[in-house]
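Proteins get letters first, then strands, A, B, ... in listed order; numbering begins at 1 in each.
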Amino acid sequence: MSKLGLIEDLKARGLIAQTTSEEELVKHLDAGCVTLYCGFDPTADSLHLGHLVPLLMLKRFQDYGHRPIALVGGATGLIGDPSFKAQERQLNSAEVVQEWSSCLKHQISQFIEFNDDGGAILANNYDWTASVDVLSFLRDIGKHFTVNKMISKESVKQRIDRDGEGISFTEFTYQILQSYDYQKLNEMYDCTLQIGGSDQWGNITGGIELVRRMNGKSVHALTLPLITKSDGTKFGKTEGGAVWLDPKKTSPYAFYQFWLQTPDADVYRFLKFFTFLSVDQIDQIERQDKEREGRPEAQRILAEEVTRLVHSEEALVAARRITEALFSGDHSSLDANDYAQLQLDGLPASAVPAELAELPLTTLLTEAGVATSGKQVKDALQRSAVFINDQVCSLDQNMSAVSLFTKDNARFGRYFLVKLGKKKHHLFYLVP
RNA sequence: GGUGAGGUUCCCGAGUGGCCAAAGGGAUCAGACUGUAAAUCUGACGCGCGAGCUUCGGUGGUUCGAAUCCACCCCUCACCA
């Protein structure tokens, strides 16, 4: 069985939304090592799940012998991409963008092999954009763009056509900046392919044209589909907001849990998007799940693969350890060391406050981050969905935190495993 | 600069003097059912354990009483200049 061609494999995974002439792209990729890039704008201090697919895509290319450039948008991040955004965005300060840029840089470098000889490249468009003066920008770059074309792009159309919205010149200029990146990278590194989300098509083709005009080169584009969920809700969100790649923002345990809860209707597609398992392997998993009936294996495999990929084998082991301890239904098997380990493994944990007398459970749990408001805790209490060390708590006990969190009730004189609903767990411990 | 239309709770979107913490939908959370899935049904959904407290772009005003009326201001959009 011979290895699929890169483009064939990507197609089989459903990872291609659009490309420039596929025939030429395939030929180009077959001809040797191609340098390609994908940009990531610093819109937060960490990448999130939405960035994972393009990031993995760079890796897929690298695995096929190509050279990826991960571009951090230190400059474009100062402007804000208007593509398919309904509203003008708030500008972040230069310091903040700077700070976030270095966060992303650090994060990306953990994903892709960056070594000197022919390895991947990490770049920042601030390096070549910041020093361009206005007049040069307008004369040398701006002259290649017609406003007619810029406003006809689908990505800014709703901002221009729709009543009640507008677009500032600042954001409107974004597509020129991104085009300039492509031109620069082509010039500096002979970069001939840009990849990005399907919303980037307009920006990318702008770049292709600029490269042709300024460098006289014909370059390529490939976009990835937007990841959708079968129920129509947004992918990559949990109660706490986005799922981050930074383990300090989303713990490996929470990350693992996120994938474990993937709906059946999405799980095989996600395996193709987010793992390096071959399409054949994934199809086989799907077949076996169907034959077996009952609970599928796919979610577990997906969670394991992606957690290992984004975090590490150790983080995965820890996440599984917590999961097993919490969801096996029997906490009595845990010994004192296990509790300590749960905390080390990243199960959310807090100290029991010293002053409990005046503290309702609602406040206690909200402050610990188990729920976002007292109302939620109250609702859960009312429905018998709050457990402390497997003991149900009622609404009457809301004010009785003192008698619940006693040394006598604690496991090993120290620990309280609090459960809210079926999935939220939190470890409280007494401070001696 | 002129004219017109707008700014409502996470989002969309009703509400034009008391019955409004504000219809409806979406999202979200919890319960039942399940497989830590989906679908369905139920409940919650500004904050607070509670008494109660704080909201409808901003500031003042009218009124016993304002999201609703008045004045000024800020912001957005459209058309005109």
Of A/Ser373 and A/Pro263, the one whose closest RNA chain B nucleotide lies more 5': A/Pro263
Contact nearer the 5' end of RNA chain B, comparing A/Arg295 with A/Lys375: A/Arg295
Under-3.5 Å donor-acceptor pair between A/Gln257 side chain and B/U36 base: yes
Between [N] and [M], how many Å separate the two [atom1] atoms, rounded to a whole number?
{"N": "B/A23", "M": "B/G15", "atom1": "P", "result": "13 Å"}
{"N": "B/C72", "M": "B/A5", "atom1": "P", "result": "16 Å"}
{"N": "B/G24", "M": "B/A44", "atom1": "P", "result": "12 Å"}
{"N": "B/U8", "M": "B/C20", "atom1": "C1'", "result": "12 Å"}
{"N": "B/A22", "M": "B/C70", "atom1": "C1'", "result": "23 Å"}
{"N": "B/A21", "M": "B/U3", "atom1": "P", "result": "38 Å"}
{"N": "B/C49", "M": "B/A67", "atom1": "C1'", "result": "30 Å"}

N or O in side chain of A/Arg300 less than 4.0 angstrom from B/U36 OP1/OP2: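 So the side-chain polar atoms of A/Arg300 never come under 4.0 Å of the phosphate oxygens OP1 or OP2 of B/U36.
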Contact list for residues 336-369 of chain A, test ring-ring contact (aromatic ring centres under 6.0 Å, His included), sequence neighbours left out: A/Tyr339-A/Phe412, A/Tyr339-A/Tyr415
Within the sub-3.5 Å range, which N or O atoms of nucleotides 22-29 of chain B have a protein N or O partner, and how far apart are they?
unit_1 : atom_1 : unit_2   : atom_2 : d
B/C29  : O3'    : A/Lys424 : NZ     : 3.1

Pairing partner of B/C72 (Watson-Crick or G-U wobble, both distances under 3.5 Å):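 Result: B/G58.
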Base paired to B/A27 (Watson-Crick or G-U; both N/O distances under 3.5 angstrom):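 In the structure as shown, B/A27 has no Watson-Crick or wobble partner.
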Sequence neighbours left out, cut at 3.5 Å: what donor-acceptor pairs do the side chains of residues 341-353 of chain A make with other protein atoms?
unit_1   : atom_1 : unit_2   : atom_2 : d
A/Gln341 : NE2    : A/Asp345 : OD1    : 2.7
A/Asp345 : OD1    : A/Arg321 : NH2    : 2.9
A/Asp345 : OD2    : A/Arg321 : NE     : 2.7
A/Asp345 : OD2    : A/Arg321 : NH2    : 3.0
A/Ser350 : OG     : A/His426 : NE2    : 2.5

Approximate separation, where rounding is to 0.5 Å, of A/Arg13 CZ and A/Met57 CE: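 A/Arg13 CZ to A/Met57 CE: 9.5 Å, rounded to 0.5 Å.
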A/Lys229 NZ/CZ over A/Phe235 ring centroid, <6.0 Å and within 45° of normal: no
Residues touching RNA chain B, which here means a heavy atom under 4.0 Å, drawn from residues 319-327 of chain A: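 Those residues are A/Thr323, A/Phe327.
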Note, A/Phe276 side chain near A/Arg60 side chain (heavy atom, < 4.5 Å): yes
All ring-ring contact (aromatic ring centres under 6.0 Å, His included) counterparts of A/Phe137, not counting sequence neighbours: none
Give me, pair by pair, the N or O atoms of the protein and of nucleotides 52-57 of chain B that are less than 3.5 Å apart, along with how far apart they are.
none

Aromatic plane relationship, A/Phe169 with A/Phe172 - under 30° parallel, 30 to 60° tilted, over 60° perpendicular: tilted
Geometric class of the A/Trp259/A/Phe255 ring pair [parallel <30°, tilted 30-60°, perpendicular >60°]: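 Answer is perpendicular, since the angle exceeds 60°.
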Minimum-distance nucleotide (side-chain atoms of A/Asp264 versus B/U34, B/G35, B/U36):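 When the side chain of A/Asp264 is considered, B/G35 is the closest of B/U34, B/G35, B/U36.
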